[in-house]
Amino acid sequence: QVQLVESGGGLVQAGGSRRLSCSTSGRTFSSYAMGWFRQAPGKEREFVARISVSGGITTYQDSVKGRFTISRDNAKNTVYLQMNSLKPEDTAVYYCAAGRPYNSGTSATGYDYWGQGTQVTVSS
């Protein structure tokens with residue numbers, strides 16, 4: 001069992017930055033690929049970024065490439081999402097998720113564990 005807790009959300013002006021953190025419990029963090037997803041009001045949950053077990057491979061949604069960076073610290077059982085040049089359309093609840101490396105990709109169905117989410121609001 002893996003428990004995930006996101007933090008770092010809040011209100012930020014357009015063009016600003018925010019770093020989200022996702023702390024995990026359990027001794028198997030380093031066995032899981034980690035992803036960040038987001039869900040805006042009235043919209044489906046969408047993929048944002050994914051990082052491999054070792055951290056050597058990262059994948060991003062096209063709309064966040066060059067602005068967001070996903071990283072992980074396996075010693076601290078934590079995954080991060082650094083968000084720069086934020087836009088109002090980035091406003092959403094952001095979720096982190098853990099999944100087996102061979103199952104997890106850009107689809108939410110490939111992830112086994114989810115956090116409760118943290119709200120990010122970008123004002124124009």
Work out which heavy atom in [X] is nearest to a heavy atom in [Y]; give both atom names and the distance.
X: Ser124; Y: Pro88; answer: CB-CG, 3.8 Å
X: Leu4; Y: Ala98; answer: CD1-N, 3.8 Å
X: Thr91; Y: Ala40; answer: O-CB, 3.7 Å
X: Arg72; Y: Ser30; answer: NH2-CA, 4.0 Å

Out of curiosity, does Val120 fall in the hydrophobic cluster containing Phe47 (side-chain heavy atoms, cut-off under 4.5 Å, transitive links)?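 Each belongs to a different hydrophobic cluster.
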Under a 4.5 Å side-chain heavy-atom rule over Ile, Leu, Val, Met, Phe, Trp and Tyr, are Val48 and Val122 clustered together?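 Yes, same cluster.
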Tell me whether [X] contacts the main-chain N or O of [Y] through its side chain, where contact means a donor paired with an acceptor under 3.5 Å.
X: Thr78; Y: Ser23; value: no
X: Thr118; Y: Ser7; value: no
X: Gln39; Y: Val93; value: no
X: Asp112; Y: Ser104; value: no

What residues join Val5 in its hydrophobic cluster, counting side-chain heavy atom gaps under 4.5 Å, either direct or through other members?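 Besides Val5, the cluster holds no residue at all.
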Under the side chain to side chain contact (heavy atoms under 4.5 Å, CB included) rule, collect the residues that match up with [X], sequence neighbours excluded.
X: Thr58; result: Ile51, Tyr60, Ile70
X: Ser123; result: Leu11, Gln13
X: Ser52; result: Arg50, Ser54, Ile57
X: Ser85; result: Arg67

Between [atom1] on residue [X] and [atom2] on residue [Y], distance to nearest 0.5 Å:
X: Thr69; Y: Arg19; atom1: OG1; atom2: CZ; answer: 11.5 Å
X: Ser63; Y: Glu89; atom1: OG; atom2: CD; answer: 8.0 Å
X: Arg18; Y: Asn84; atom1: CZ; atom2: CG; answer: 12.5 Å
X: Leu81; Y: Met34; atom1: CG; atom2: CE; answer: 11.5 Å
X: Leu20; Y: Glu6; atom1: CG; atom2: CD; answer: 8.5 Å

What salt bridge (Lys or Arg N to Asp or Glu O under 4.0 Å) pairs are there with at least one residue in residues 52-65, not counting sequence neighbours?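 Pairs touching residues 52-65 that pass the test: Asp62-Lys65.
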My understanding is that only residues two or more places apart in sequence, or in another chain, count here; which of them pass ring-ring contact (aromatic ring centres under 6.0 Å, His included) with Phe68?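 So Phe68 forms no ring-ring contact (aromatic ring centres under 6.0 Å, His included) with any residue.
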Only one of Tyr95, Tyr94, Trp114 passes ring pair (Phe, Tyr, Trp, His ring centres under 6.0 Å) with Phe37; say which it is.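 Only match with Phe37 under ring pair (Phe, Tyr, Trp, His ring centres under 6.0 Å): Trp114.
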Suppose we screen for side chain to side chain donor-acceptor pair (under 3.5 Å). Which residues come up paired with [X], at least two apart in sequence or across chains?
X: Tyr111; answer: none
X: Asn103; answer: none
X: Thr109; answer: Ser107

Write out all pairs satisfying ring-ring contact (aromatic ring centres under 6.0 Å, His included) with one or both partners inside residues 5-36, taking only residues at least two apart or from two chains.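 Listed once each, the pairs are Tyr32-Tyr113.
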Would you indicate whether the side-chain heavy atoms of Asp73 and Tyr80 approach each other to under 4.5 Å?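 When only atoms from C-beta onward are counted, Asp73 and Tyr80 do touch, with a gap below 4.5 Å.
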Could you tell me if the side chain of Val2 sits less than 4.5 Å from the side chain of Thr28, heavy atoms only?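 Side chain of Thr28 against side chain of Val2, heavy atoms only: contact under 4.5 Å found.
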List for me each residue that meets salt bridge (Lys or Arg N to Asp or Glu O under 4.0 Å) alongside Arg38, sequence neighbours excluded, and say none if there are none.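 Partners of Arg38 by the salt bridge (Lys or Arg N to Asp or Glu O under 4.0 Å) criterion, ordered by chain and then number, come out as Glu46, Asp90.
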